2 protein chains.
Amino acid sequence: MSTDIDIRTRLLGTAEQLFDRHGFTATGMDRLTSGAGISSRTLYKHIGSKTRLVAAVLNERDRRFMRSLQVDSVDALFDALEGWFATEGARGCLFLRTWGETGGDVAEVTEAMARHKQRLLSRIGEIVAAEIGRHDDELAEQILILFEGATHATTYRGETAISAARRAAGLLIAGARA
Amino acid sequence: MSTDIDIRTRLLGTAEQLFDRHGFTATGMDRLTSGAGISSRTLYKHIGSKTRLVAAVLNERDRRFMRSLQVDSVDALFDALEGWFATEGARGCLFLRTWGETGGDVAEVTEAMARHKQRLLSRIGEIVAAEIGRHDDELAEQILILFEGATHATTYRGETAISAARRAAGLLIAGARA
DNA sequence: AAATATGTAAAATGATCGTTTTACATGCGC
DNA sequence: GCGCATGTAAAACGATCATTTTACATATTT
């Protein structure tokens, strides 16, 4: 049924935008239904609950975000982040924000956040290994922190945050290569 | 009136804890009143509205947080952050979380967040200047990003995030000194 | 002793929350 | 053409939201 896919896709897209722009708790089901152009009955048939919806949104966002991070250098990693912010806006990390809003006591949100961050760290680990020719967990964690810091600092510092993070990462990589 | 100060202090303390642990939107006024042990009438006489309350909480937290950051080396800066997390818990930055929850359209929250981040950056600028003997805006921004990154990555990586941030900061400082 | 300030307890306000239900329309497979 | 799946519109659910109000108690001030 092609309508299923259409409805679900439209719903997840609408929900991702609303949750990102106004927060999870502050976004009511009526705004989600009218935003997606569906009735509340249809919403609940498709997704079950608000918790299931936000979990689906986060897992879909993880896929999309990770796809945008298929790069092979730390420089390109921060380029990719800059590109993401240019098209999606910079409001911090939706995973951490949603996890914070739910106080950490919604299992599906906690798990989606943990999975996403685990994937992000191992992706960074691969990129670091490709750059310096060996695995370096400490360096990977440092780049992760620059990435996380740029993600959040960009909300109030703008593009300069990413530039600074990229240059700092370059220095750390250069130091590890020598 | 000593009761005024007591009530306001107790209310702000309770509110800070509840907002931090469960989020701003998800925390209802009844939990705030029963947590602070006051009636809703007294709460509104003292603080006016939920918006005014969260603004007061953020401004008070800024004072307390900045007081804990009175250090004179980058190493001690990350020690201070580690100490803060040890006693207060690590759930990311309350200013950014609250700003995100309110979608950026509550002026008092946006302003409190902006003021706090401005103060944080200039404090880091001073510490960097004390370390290398001159002002270096680029280096200060890089340390800010490590600080921001450690703040958020600690929520899912634990103490290792702060250690990695501290070592990365040390390398950048050493590089700037040479 | 009267007046003022400051508190509590509890009900009422009207709106909105997430979710379910009732009633009805439409299109597709058998 | 009957039945089933899938949709809409709209009402109802009971709970909870932030805020105000009503009624009353208790100190301190004058």
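Not measured: the values here are computed from a predicted model. Numbered from 1 within each chain, the chains take letters A, B, ... in sequence-line order.
For D/dG7, the OP1/OP2 oxygens have a side-chain nitrogen or oxygen of A/His46 closer than 4.0 Å.
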Given B/Arg64 and B/Glu88, is the salt bridge (charged side-chain N to carboxylate O under 4.0 Å, His left out) satisfied, shown in steps?
CA-CA 12 Å; B/Arg64 206 160 57 86; B/Glu88 309 268 342; 2.6 Å; yes
What verdict does the salt bridge (charged side-chain N to carboxylate O under 4.0 Å, His left out) test give for B/Glu131 and B/Arg177, after you've listed the backbone C-alpha separation in whole Å, the side-chain angles of each residue and the deciding distance to 0.1 Å?
CA-CA 8 Å; B/Glu131 281 249 29; B/Arg177 246 197 289 254; 3.6 Å; yes
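Following rounding to the nearest Å, A/Lys50 (NZ) and C/dC17 (C1') show an atom-to-atom distance of 8 Å. Between the CD1 atom of B/Ile47 and the P atom of C/dG7 there is a distance of 13 Å, rounded to whole Å. Spacing between atom CG of B/Leu53 and atom C1' of D/dC17 amounts to 15 Å, rounded to whole angstrom units. In this structure, A/Asp30 atom CG and D/dA10 atom C1' are separated by 14 Å, rounded to whole Å. When the C1' atom of D/dC17 is taken as reference, atom CG of B/Leu18 falls 16 Å away, rounded to whole Å. Here C/dG7 presents its C1' atom at 13 Å from CG of B/Asp6, a figure rounded to the nearest Å. One atom, NE2 of B/His22, and another, P of D/dC17, lie 12 Å apart when rounded to the nearest Å. Between B/Met29 atom CE and C/dA12 atom C1' the separation is 17 Å, expressed in whole Å.
Nucleic acid contact for A/Thr33: none, since no nucleic acid atom lies under 4.0 Å from a heavy atom of the residue. Heavy atoms of B/Thr51 sit nowhere under 4.0 angstrom from any nucleic acid atom.
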Protein and nucleotides 8-10 of chain C: nitrogen or oxygen contacts under 3.5 angstrom:
from  : atom 1 : to      : atom 2 : distance (Å)
C/dT8 : OP1    : B/Gly37 : O      : 3.4
C/dT8 : OP2    : B/Ser39 : N      : 3.3
C/dT8 : OP2    : B/Ser39 : OG     : 2.9
C/dT8 : OP2    : B/Thr42 : OG1    : 2.2

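The main-chain N or O of A/Thr27 is found under 3.5 Å from a side-chain atom of A/Lys50 such that the two form a donor-acceptor pair. With hydrogens and angles ignored, the 3.5 Å screen pairs a side-chain donor or acceptor of B/Arg123 with a backbone N or O of B/Leu69. Formation of a donor-acceptor pair under 3.5 Å by the B/Asn59 side chain with backbone atoms of B/Ala55 is found in this model.
Ring planes of B/Phe24 and B/Phe19: perpendicular class, angle over 60° (limits at 30 and 60°). Taking the six-membered ring for Trp and thresholds of 30 and 60 degrees, B/Phe147 and B/Phe65 have ring planes more than 60 degrees apart, a perpendicular arrangement.
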